[in-house]
Every structure is written in C-alpha cells, then in structure tokens.
Novice: 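Quick one: structure below, then a few questions.
Side chains are part of it too, since the values below use all heavy atoms of this structure and drop only hydrogens, waters and symmetry mates.
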2 protein chains.
Amino acid sequence: MSPVLNLAFAALSDPTRREIVQQLAKGAARVTDLAQPFDMSFNAVSKHVKVLERAGLVRRTRAGREHHIALDPEPIRRIAGWASRYERFWSDRLDKLEAFLKANRKRD
Amino acid sequence: MSPVLNLAFAALSDPTRREIVQQLAKGAARVTDLAQPFDMSFNAVSKHVKVLERAGLVRRTRAGREHHIALDPEPIRRIAGWASRYERFWSDRLDKLEAFLKANRKRD
DNA sequence: CATATATTCAACCTGTGGGTTGAATATAGC
DNA sequence: GCTATATTCAACCCACAGGTTGAATATATG
C-alpha cells in the first residue's frame with residue numbers, strides 16, 4: 001500500500017487533471033490561467049488543482065491574491081519507476097524502451 | 001481525452017489491483033489464486049479483476065470452469081510513455097532515467 | 001474608501017467505487 | 001446423477017468524486 005502511488009494514479013486518471021499537468025509542463029501558472037481553456041466552472045478547476053496538490057503533483061505558492069501552481073514531477077517519477085518493473089514484459093533491453101519513449105513524447 | 005489512460009490510471013490507483021498486477025507478473029493465474037492472499041471476499045477480488053480487464057490490463061481465457069487471467073502490459077507501456085513526457089523535469093538524459101528505472105525494479 | 005479580481009469554502013446533487021451477501025451458472029469428479 | 005468447485009450476477013450500502021451555485025475572504029486598484 002503506497003499512498004503516494006494511490007493518490008498520484010487516482011489524480012492522473014482524470015483527463016482534465018492530465019491536461020492541467022500538461023499545461024504546467026510549460027511553466028507555473030495561476031489557477032485562473034489553468035481554468036481558462038476548460039468548459040467548466042472556475043470552481044471545478046480549483047478543485048482539480050487541489051486534488052493534484054494533495055497528490056503531490058503540484059506545489060502552490062501564494063503571492064498576494066494570486067496562487068502560483070507549479071509542477072512537482074516527483075510522483076510522476078514514482079509512477080515511471082513503478083511502470084518500469086513491467087518493462088521486461090514488452091522488451092528485454094532498455095534501449096528498446098528508450099526508443100519507445102522517444103516516439104511517444106507528444107501524444108496524450 | 002484518452003480512455004485508455006483514464007481507465008488504466010484509475011485501475012492502478014487501487015493498491016489491491018496493483019498487487020494483483022504484481023502477482024500476475026509472475027505468470028497467469030486463476031481468480032481463486034489471485035484472491036487467496038487478500039483479506040477480503042472472493043467476490044471483491046473478482047470485481048477487481050473485472051476492473052483490470054475493462055482497463056485492458058489483463059486478459060481472460062476460459063478453460064472449463066477456470067478463468068485464466070494474464071497480464072497485458074500494453075496499458076502500462078502507455079503509462080510509461082505518458083510519464084516519459086515529463087522525464088525532462090527530473091533529468092535531461094535518458095540514461096539517467098535508465099539508472100533510475102534499474103534502481104526501482106523491486107519496490108511498490 | 002469602494003470596487004474589481006483571485007481565490008477558497010460550504011452546501012448540495014448525482015454518479016461511481018469498493019465492499020458485502022446471497023443466489024445463479026457451469027464444469028469436474030466420484 | 002449428485003456434490004463440490006470456480007466463477008459471475010444482482011442487490012444493496014456507504015463513502016467519495018466531479019460538478020454546480022452562492023457566499024466568504026483577501027488583495028489590488030481607481
């Protein structure tokens with residue numbers, strides 16, 4: 001039972017939250033900025049950010065009335081580490097994984 | 001919106017299901033075998049297997065009254081691919097990822 | 001100070017998740 | 001054929017997830 005993985009996997013199971021993570025990969029942003037592309041209420045996005053925060057996927061720094069949200073890649077790293085355990089099921093050599101990773105940098 | 005990732009992440013957010021996956025990494029098994037280590041009803045485990053199946057993480061082949069459950073690593077591969085997009089956040093070179101993966105083969 | 005902006009908090013609704021129990025179904029073995 | 005085994009199906013419960021709206025809070029700005 002790994003609470004980190006439980007929360008990280010659960011947080012990333014929602015496509016809206018994965019889009020937010022993707023957004024944050026380009027740099028930190030305010031909640032308003034993150035909410036802007038979505039066709040849902042600001043409050044809904046605010047909740048999503050809170051879920052990501054609770055899972056440790058993002059960090060929040062307050063600057064006046066604005067909250068700066070930044071990606072913390074550690075849980076994703078943990079997920080990559082977890083997934084790597086099954087890497088032998090799709091190839092025996094890490095350079096094959098490397099090739100796969102390279103080919104999949106853009107897609108969702 | 002990637003249904004594959006939605007379902008795979010959601011399925012793997014449950015520690016029981018991750019344990020089942022881990023169990024299946026050692027080879028295919030019957031539902032009864034999978035249920036045996038857990039302190040919950042057989043039916044609960046049967047449900048978990050169904051969730052994994054729906055997510056494409058396992059495949060089922062019927063042999064008489066026994067159902068053989070086998071790991072299908074493709075969705076995990078997809079997750080590894082997704083996570084790899086953020087690899088630049090923790091290192092710039094894939095050989096660093098490789099080292100990390102090697103060091104984390106055993107843990108949960 | 002008054003108002004606009006950025007954000008959370010709280011209450012609510014509906015759907016789904018994980019668990020239970022009890023029954024149904026199908027195959028195996030004596 | 002009868003009984004035991006392997007499994008799903010169905011109904012139910014409770015907790016949580018994702019969304020809404022309305023209000024509260026805090027900071028900027030004219």
Novice: Reckon Ser46(B) has a side-chain N or O less than 4.0 Å from the OP1 or OP2 of dT7(D)?
Specialist: no
Novice: Taking only the side-chain nitrogens and oxygens of Lys50(A), find out if one of them lies under 4.0 Å from OP1 or OP2 of dT7(C).
Specialist: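 So the side-chain polar atoms of Lys50(A) never come under 4.0 Å of the phosphate oxygens OP1 or OP2 of dT7(C).
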Novice: Just how far, in rounded Å, is C1' of dG17(C) from CG of Asn6(A)?
Specialist: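 It is 14 Å, rounded to the nearest whole Å.
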Novice: State which residues pass side chain to side chain contact (heavy atoms under 4.5 Å, CB included) with Glu53(B); sequence neighbours excluded, sorted by chain then number.
Specialist: Lys50(B), Val58(B), Arg60(B)
Novice: Starting at CZ of Arg30(B) and ending at C1' of dT5(D), how long is that distance when rounded to a whole Å?
Specialist: 9 Å
Novice: Can you name the residues that form a side chain to side chain contact (heavy atoms under 4.5 Å, CB included) with Asn6(B), not counting sequence neighbours?
Specialist: Pro15(A), Arg18(A), Met1(B)
Novice: Roughly how many Å is it from NE2 in His68(A) to P in dA6(C), rounded to a whole number?
Specialist: 12 Å
Novice: Rounded to whole angstroms, how far apart are CG on Asp33(A) and C1' on dT7(C)?
Specialist: 13 Å
Novice: Starting at atom CG of Leu34(B), determine the distance to atom P of dA6(D), rounded to an integer number of angstrom.
Specialist: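 Interatomic distance, CG of Leu34(B) to P of dA6(D): 13 Å.
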Novice: Pairs in or reaching into residues 37-46 of chain A: which pass side-chain hydrogen bond (donor to acceptor under 3.5 Å, both in side chains), with residues at least two apart or in two chains?
Specialist: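 Output for this query is empty, none listed.
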Novice: If a protein heavy atom is under 4.0 Å from the base, mark B; if only from the sugar-phosphate, S; if neither, -; do that for nucleotides 14-27 of chain D going 5' to 3'.
Specialist: ----BBBBB----B
Novice: What residues form a side chain to side chain contact (heavy atoms under 4.5 Å, CB included) with Ala70(B), not counting sequence neighbours?
Specialist: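 Testing Ala70(B) for side chain to side chain contact (heavy atoms under 4.5 Å, CB included), a comparison that skips the adjacent residues, returns Ala28(B).
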Novice: Angle class for the Phe9(A)/Phe9(B) ring planes (parallel below 30°, perpendicular above 60°, tilted otherwise)?
Specialist: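 It falls in the tilted class, 30° to 60°.
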Novice: Please tell me if Thr32(B) has a side-chain N or O lying less than 4.0 Å from either OP1 or OP2 of dT5(D).
Specialist: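 No, Thr32(B) has no side-chain N/O under 4.0 Å of OP1/OP2 on dT5(D).
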Novice: Under 4.0 Å between a side-chain N or O of His67(B) and OP1 or OP2 of dA6(D)?
Specialist: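 False: His67(B) side-chain N/O out of range (4.0 Å or more) of dA6(D) OP1/OP2.
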Novice: Calculate the interatomic distance between Glu66(A) atom CD and dA4(C) atom P; express it in whole Å.
Specialist: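 Going from Glu66(A) (CD) to dA4(C) (P), I get 18 Å.
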Novice: If you look only at pairs with a residue in residues 23-32 of chain B, which of them pass as a side-chain hydrogen bond (donor to acceptor under 3.5 Å, both in side chains), with sequence neighbours excluded?
Specialist: Arg30(B)-Asp33(B)
